[in-house]
Amino acid sequence: MAHGRGKQLFREVSKTVTQLKRDIASAERTGNFYTYGEFMEWTLQIMEEFENTLSDSGLDVEFWSERLSEKIGNLQTELETKRLLMSDDEREDEEDWDSDFEDGNETFETILGYDVISEGECGAREGRVRGQILTTLEELAEYLEPIPAGVVRGLVPVEGKDGERVGYSVCAATKSR
Amino acid sequence: MRRDKIEVDKLPIYWQFERAILGNFALTTSNERYMLREFVIEHNGIRDTPSYHFNQLIENVQFPKKLDNISQLAYPYKAIPCRLPHAIYLDIRSAFYTIASVFGLENVHREGRYFYAGVTQPHKLFAESKIMRALLVAGVRQKSTLQEWTHGEIRTRQFPNKNHAPNLSRSIFAFLHSVHSALSKYTVYVHTDGFIIPVWYLQRVSRWLDDRSIPYTIKGDGAAQIFGVGSYRIGEMHTKLYHTGYGQRENIRHEFSQWWLHQWDRCLEIRSKLP
């Protein structure tokens, strides 16, 4: 019975999140861009309210909030991907939310929101390098689209003869047996 | 269980044993493994059947199992019954190996939408052995079958193939279809990777193949007569049946031909950059 109520609440909140995504996409079509930070803030608010409702109703907060964060994660990836496929000119006006960021003295590289990592690091993140070479941003975005955000551990550069980057391979979580 | 490996010219008769597994290249009993000498391949100091080496060489390849396409493809064929005073039989050199090397073993595709090249290239052993090359298509089917002689009867058993690679075999056949589609106005006979053209088209066809870096060899040359699929003669060369008229037949697929040729060019470029 309690599980049924949780499902109902989850359905309602899912609708809200999907609507939020639609609103953002529709606003972006008319040139009104929202930042990644704004989107995060809204989704966190939704999450918080959802968790409070669950807690008040005496439902399994951990179980349902995990499902919601997975859904939100997928939507974030989808939005990021769409944006990265826009032309460079369009992107210049936006907040720098996808480029390299610095943490202390180290610089981490990210593409489409995923860390660029070495093959060794992929193993350390309990991942396995998939055997496909993705050479363009479009290819990467299309490849990553159906994969749940939590599965991707990072992107491993594929280097050519002269050490230049030919493309990337996806580091994905190994299946638990 | 370790079995004694015995190389033989002819496989023993299975009903001599209480239990035996019959393969194309070997017969395995509870204590011995009889292998046909003519098919035995030596690699890394191990002499065994092509299937054994195939399993070893692709053990660590993670083949994508999902196929985002409508169906698998059959090998391309075409036959226009005719007589030609002078024709040439060309074939794409080590076709399955060449195509798999360019596209990569783990390639994933959805026609007209995307093609992701695979990282791994087939081992050199595939280039050296025709049977090994054939396994790049025949050894990656969804189901494996074996024939088992047990309790006085012979049974065929099917089981899932751990090397199932639908994208690999499909990309090989799809590319062959696209080559034959592009050359269809010149060819009178096509079978998998081989085709017959009138000699006056040789220059055009060879230029087309050279431009796309598709390696080929001339296998036959001379007066030709095409009867049907798997039935022709050219110069000194002829098929076992070369007088039976089967008529005109063709299954060359023309859809996505240009798309596949584009993927070929793209993958060649990627390969040229890789070490």
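All values below come from the heavy atoms of this structure, side chains included, with hydrogens, waters and symmetry mates left out. Proteins get letters first, then strands, A, B, ... in listed order; numbering begins at 1 in each.
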Aromatic centroids of H123(B) and H43(B) separated by under 6.0 Å: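 Between H43(B) and H123(B), the centre distance is under 6.0 Å.
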Counting only non-hydrogen atoms closer than 4.5 Å, does [X] touch chain B with its backbone (N, CA, C, O), its side chain (CB onward), both, or neither?
X: L134(A); value: side chain
X: V158(A); value: side chain
X: E159(A); value: backbone

Under 4.5 Å from any heavy atom of chain A - which part of F115(B): backbone
salt_bridge(R253(B), E111(B)) N-O dist < 4.0 Å: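 Salt bridge: yes.
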Note: E148(B)-R19(B) ion pair, threshold 4.0 Å (strictly below): yes
Heavy-atom side-chain contact between F103(B) and W260(B) under 4.5 Å: yes
